[in-house]
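Values reported hereafter were calculated over all heavy atoms of this structure, with side chains retained and with hydrogens, waters and symmetry mates removed. Order of appearance sets the numbers: ligands from 1, and atoms from 1 within every ligand. For the single chain, residues carry numbers from 1 onward in sequence order.
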Amino acid sequence: APVLQAQGAARRFPNGTQALAPVTLDVGAGEFVSLLGPSGCGKTTLLRLFAGLDHPSAGRIGRGPEAGRLSYVFQDPTLMPWATVARNVRLPFDLRRGPGRLGAAERQRRVDAALKRVGLGEFADALPHELSGGMRMRVSIARALVTDPAVLLMDEPFGALDDITRQRLDDDLLAVARAQRLTVVFVTHSIFEAVYLSSRVIVMSPRPGRVTADIPIDAPVRDA
Ligand code: ADP
Ligand code: ADP
């Protein structure tokens, strides 16, 4: 069964903008899907529908059980500037109440592991302004990974970074996605990044936003 599903899902905003014409597609477990297209083609709109941050104005969005463990990475790292790196990464635990809540030691262990996974093991006590842009984005990814998600939705996370930093983050993201068997939907307007990262590239075009191609990327290309 698909992890994420759009069945004729469309989004028209109250001001009349048709941000997304009806889209039908399935995302399966373990796929790394890129949504590729120019500004305004509805990439963010579709990603927010998958995340449940917004609702379709027609059609429906389906989510498999894996999507109960879903993390969303925004375009900006959006860190709390007064809080240490570790405190920023711990935020999802601090927001979680009730019986599912982890003990302090287990939370600390997971924060440490998430920071190590993104190469920031040494920076737990640093403040965001002490870090480079690439490192701040790594903190944001650690915060998304700390809850052990099955599904990672990323809205053009590396768009503001220089090419070399972006390449490093792409490589590290691929390693994490493979090691943890994540299902990823990744928004980008870089053809290179889409083909480099993905097992499948979904091409979109604007006015109104719609899917115009759905292209599998062969393993030989991916792993060359
Ligand atoms: P992309 O992520 O591909 O740049 P978006 O999904 O952000 O595109 O936007 C698609 C279209 O919908 C754009 O024309 C944008 O201006 C419009 N749009 C996005 N959000 C809203 C909103 N809340 N109200 C009205 N129009 C919106
Ligand atoms: P990356 O995103 O791959 O970490 P960046 O270009 O963001 O690359 O940073 C380059 C390197 O500069 C980092 O890997 C880090 O070792 C170093 N660096 C940047 N800011 C600091 C800092 N405040 N303290 C120590 N090292 C730093």
Do other residues, nucleotides or ligands put more than 12 heavy atoms under 6.0 Å from L95 CG?
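It does: L95 CG has more than 12 such atoms within range.
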
Are there over 12 heavy-atom neighbours, none belonging to R207, within less than 6.0 Å of that residue's CZ?
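Atom CZ in R207 is not crowded, with 12 or fewer foreign heavy atoms closer than 6.0 Å.
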
So does R136 pair up with D76, basic N to acidic O under 4.0 Å?
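No, no charged N to carboxylate O under 4.0 Å.
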
Salt bridge flag under 4.0 Å for residues D172 and R117:
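Not counted as a salt bridge, because no side-chain N and carboxylate O are separated by less than 4.0 Å.
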
Atom of P92, atom of T147 and distance for their closest heavy-atom approach
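Heavy atoms only, the tightest pair is CB-CG2, 3.6 Å.
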
Sequence neighbours left out, what passes side-chain hydrogen bond (donor to acceptor under 3.5 Å, both in side chains) with S34? Give chain and number order.
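For S34 the side-chain hydrogen bond (donor to acceptor under 3.5 Å, both in side chains) partners, ignoring immediate neighbours, are S198.
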
Heavy atoms under 4.0 Å from ligand 1: which residues qualify?
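Correct list: F13, N15, T17, A19, P38, S39, G40, C41, G42, K43, T44, T45.
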
